[in-house]
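Counting convention: from 1, in listed order, for ligands and their atoms alike.
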Amino acid sequence: MNHRTPAATVGVVGGGQLGRMMGEAAGPLGIELIVSDPTPDCPAAPVVRDQIVGDFDDYEAIRALAERADVLTFEIELADPDEMERVGEETDTPIHPDPDTLRMIQDKLVQNRALKAANIPTPAFRKIDTADDLIAAGEELGWPLMLKAREGGYDGRGNRPVAGPDEVEEALEEIGGSALAEELVDFERELAIMGAVGADEMRVYPVTETIQEEEILRALVAPARIRDSVRSRAREVAFEVLDLLEGRGIYGIELFETRDGEISVNEIAPRPHNSGHWTIEGTNCSQFEQHLRAVLGWPLGDAALRSSAVTANLLGDVDSTRTAELAGTEAILETPDASLHWYGKREVRPLRKMGHLTLTGAHRAVEDVDRDQLLTRARALTDSVSFR
Ligand code: ATP
Ligand code: MG
């Protein structure tokens, strides 16, 4: 590969914290990002080349991105697959992951059907349009059920457990519009795997334990504290999911481990995912760098464990929206193996994801690293580089 500066320009629909961390990963590789986001001065803005202010379905904004980019990608499911596809055709810009993959994932019913058709285990589910559908689903799958809006849900919004027939009307009103019902899984724990699809290879990261409270991700433990048989089954299922997806990029695969050690797929995210934030410190190639390598068709990076890691989300601890102010970080900053990530959001809202911290435990001198050998290898590698 020969590189000039920038080595590549990547256009990203969405400029939230995922875009910000993608921008942080892009810098060392000489990659420049341009993001489009409706919020002026979005979280990614300070670390990218440029922000175009526009909605996730704004044709002009996506077109402006594509005209300056070598490849178009997205960091949010609200990116409009139709507009991206149109712009991709008009400007001859590749889009990764494929807009078809995004369409499939945007609709949780379509997503579950695709998984089922590929014989990938999911919770049992039914399409729900009417109260009668929901009552019939409860009779077949058993109460309680998990009712989910087909589109637009995030951080548990758009989901509602339904205890029995008495709650059917109220639940449907709350969800509004077209929905699906899933059997309520009695899980032992929730797991996730980040998987990367490159030009001609696939790689998965170590299985991660995801700890949710009130349906919001609070913490991660990597690698997950699970039996080897569960770990290998989770990896196997993850590869089956990756096989199903069109287009290069990083994917987040959310899993349930049931009480009897079975794995089923909760949902897929066609982008970097909260469950992979620990990879920044815990691996040599973070999920963000991996995504950039993948969409550009570059060789994928090492997804193996560098060090164990625990990540905790920093969520908005307010009752109502207000200007964000970060305080009390001294303890984190004084902890040798703690890394603080602050997303720079101007506003804090109740339970909004404002940042995270990761601990690796790796803060003592590692006595048995052969530094002479490292130096020799590093020097040899510099010799292979030229700027002619
Ligand atoms: P995210 O929080 O990842 O943005 P989301 O809002 O799209 O996701 P889901 O992942 O579908 O929602 O659900 C959020 C959480 O609700 C899950 O992580 C899990 O804890 C719980 N949950 C979802 N579906 C089920 C189910 N069928 N049975 C039991 N619990 C479930
Ligand atoms: Mg989820």
Tell me, which residues have any heavy atom less than 4.0 Å from some atom of ligand 1?
-> K108, M146, K148, G153, Y154, D155, G156, N159, E182, E183, L184, V185, F187, E190, Q212, E215, E254, F256, N266, E267
If a pair satisfies side chain to side chain donor-acceptor pair (under 3.5 Å) and one of its residues is in residues 8-28, list it, with sequence neighbours excluded.
-> Q17-K345
Hey, which of K127, Q111, Q106 is the one that makes side-chain contact (heavy atoms from CB on, under 4.5 Å) with R150?
-> K127
Within a radius of less than 6.0 Å around CZ of R103, do more than 12 heavy atoms belonging to other residues, nucleotides or ligands occur?
-> yes
For the Mg ion (ligand 2), which N, O or S atom of E267 is at the shortest distance?
-> OE2
Look at the rings of W278 and Y205 and say which category their plane angle falls in: under 30° parallel, 30 to 60° tilted, over 60° perpendicular.
-> perpendicular
min-distance N/O/S atom, E254 vs the Mg ion (ligand 2), resolves to OE1
Linked hydrophobic residues, L315 as query - side chain contacts closer than 4.5 Å | I216, L351
Spatial distance of atom CD1 (I268) from atom CG (L244) [nearest 0.5 Å] = 6.5 Å
Quick one: which residue pairs count as a ring-ring contact (aromatic ring centres under 6.0 Å, His included) with a foot in residues 44-82, not counting sequence neighbours?
-> none
